[in-house]
Amino acid sequence: MLLTDELSDLVGAAFAAEGFDPSFGAVRVSDRPDLAQFQCNGALSAAKEARLNPRAVGEKIAARLRANRIFQEITLAGPGFINLTLSDEALGARLDAVAADRRLGGWSAARPERIVLDYGGPNVAKPLHVGHLRSAIIGECLKRLFRFAGHEIIGDIHLGDWGLPMGQLITELKREQPGLPYFDASVSGPYPDQSPVSLEDLERLYPQASAACKADETRAAEARQATAELQAGRPGYRALWRHFIAVSRAAIEREYEDLGVTFDWWKGEADVDPLIAPMVEDLRARGVAVDDAGAVVVHVARDGDKKEYPPLILYKSDGGVMYGTTDLATIIDRRDSVHPDRILYVVDGRQRDHFEQVFRASDIAGIFPKDRLEHLWFGTMNGKDGKPFKTRAGGVLKLRDLIDMVEERAAARLKESGFAEGYGAEDAADVAHRIGLAALKFADLSNPRTSDYVFDLDRFMAFEGKTGPYLHYASVRVRSVLKKAEGAQAGSPGPVTLSAKEERDLALTLLQFGAAVKDAVEKRLPHYLCEHAFSLAQSFSKFYAACRISDESSPAIRASRLTLASAAGRQLDVILDILGMPAPDKM
RNA sequence: GACUCCGUAGCUCAGCUGGAUAGAGCACCCGCCUUCUAAGCGGGCGGUCGCAGGUUCGAGUCCUGCCGGGGUCGCCA
């Protein structure tokens, strides 16, 4: 049970005994740590409702609570704040429990759910760039977080492999190499096993094609035509398209692996292609989908909408499908294959209207209820001009290049520290990789998911202060001091007894882990966990600076501090694992 | 134009259902390595919370209007 919940129950019972609703007993960590550890503001709202004097109400509650020895001090302050401070014994006992817990006091969901998490969403033939960073990092973190909280979660990359870009690639390649058998409509195979394009070709062809289609309507029409033919099953195009996928996917896998991001499913939009025709047929038969201006659509507008929601287009007038079509069919596929309780999408916030359309269509069609489809949108990475980030050349920054830069910086810093000397070149590279990645990930995750933020290389490259490497450093120091204690035969960890302020603060921080997990899971906001990770590392660093551990002379205090240090280190490592940024052994 | 997100310290950002003196990191200044990793710790400097009204005992937080910025708005994803 969470400490604040335990306290809320106690205070709530006191409110109930005085004839108030127990919900007034909500306790939270104090805003004024100089005055108390916890506070309850319920006397103010209870008194307001009952038209009583808030201080008088607070005094009655406080009087009832003072009987409980869990509290060291209960005071009334200001207009009626109830300030609570726990006894060191109560704190120590709860900390012993956290230290003995395999999950270090982590919270778990009362009703575990089966959840499909849709994130990543890279497009075939496009190298990953900084725009893909957020979905991957936030999605991976949410996946691990939900799993930690006891949910069954299936991560699906949802590859973009079925839209217009495929037609653009086909037509672009046709211009370069018209003689390839894939383009001869009179041939229906077999086609060569060897791909006609390399990864480099794809990365060159796509931007070319995209630019050409933007500039020239004829080219755009050609691409649309090719897309429709591909989707209709033209054998040469399908064969070519399979090569595109194979070549591109190998590269995408490598990049995500470097990022420490792994998917349970590598499904793509194209995988639901066979479901589309029957789905649309069914929706038409039931009157959910209708013909409109040559297209087949689902009207999703509702009375009372503040804005106009255009219909979800299932078939374009040229017969091609759009990503809304595959998204809807994908819901059917997920529903029928694993019967999830919920489907979550970690996708850019600029697609909010799109998901609203898809979710409404799903609801209207009775495919999957809208309230169990959630678009966990994230904000845009902007440049210093406040607009979506572009490199100086106006292009996008490749993820690979960004990771390289950050790793290089970490390697240089590692060399300075001197701790790299004990490592071989390979291990040093691994440590630099971990540290660089942590800087990158923490900079992203510690921002609230829904905030836009300024893409700032200096921030990603920063290894001091509120950063990933700071968390690593704390973890490394715990490991180091515990190792030293072992070597010095300092004895084993023992019951926690608190005397120094830094010990008490660390204990209180450790006890907040459960609440942080709960908040992060329920609000789907990883930054709550980051906040906790940072205060934990900070509390430990202060404790470490103020208190001797391995060479503390009193055996009882030494044993207690070993427990504190070990619990802090293990809790921090659990969090670092959830955040997807495991610490190195040394740095 | 409609809708939507946002505007808090020099910079980048927190601030949970309205509550006590609005927090953190960076930057800047000062101090701390002859005992466990100084990627650290301690101290200092720094804010009319975009503007104007309103509701409230109490507003960064809720309501209205205005100013400024980002984003979206049927056959791209």
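A note on names: the letters A, B, ... follow the listed sequences, proteins ahead of strands, and every chain is numbered from 1.
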With a 3.5 Å limit on both atom pairs, tell me what [N] is paired to, counting Watson-Crick and G-U wobble, or say none.
N      : result
B/rA14 : none
B/rA59 : none
B/rU64 : B/rA52
B/rA20 : none

Using the [atom1] atom in both, what is the distance from [N] to [M], to the nearest Å?
N      : M      : atom1 : answer
B/rC51 : B/rC11 : P     : 15 Å
B/rG46 : B/rG25 : C1'   : 14 Å
B/rU17 : B/rA9  : C1'   : 28 Å
B/rU48 : B/rU8  : P     : 13 Å
B/rU55 : B/rG40 : C1'   : 49 Å

In whole angstrom, what separates [X]'s [atom1] from [N]'s [atom2]?
X      : N      : atom1 : atom2 : value
A/R413 : B/rG40 : CZ    : C1'   : 10 Å
A/R51  : B/rC57 : CZ    : P     : 11 Å
A/H527 : B/rA24 : NE2   : C1'   : 12 Å

Subject >> Nucleotide of B/rA20, B/rG25, B/rU37 approaching A/Q538 most closely (side-chain heavy atoms) >> reply: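 Between B/rA20, B/rG25, B/rU37, the one nearest the side chain of A/Q538 would be B/rG25.
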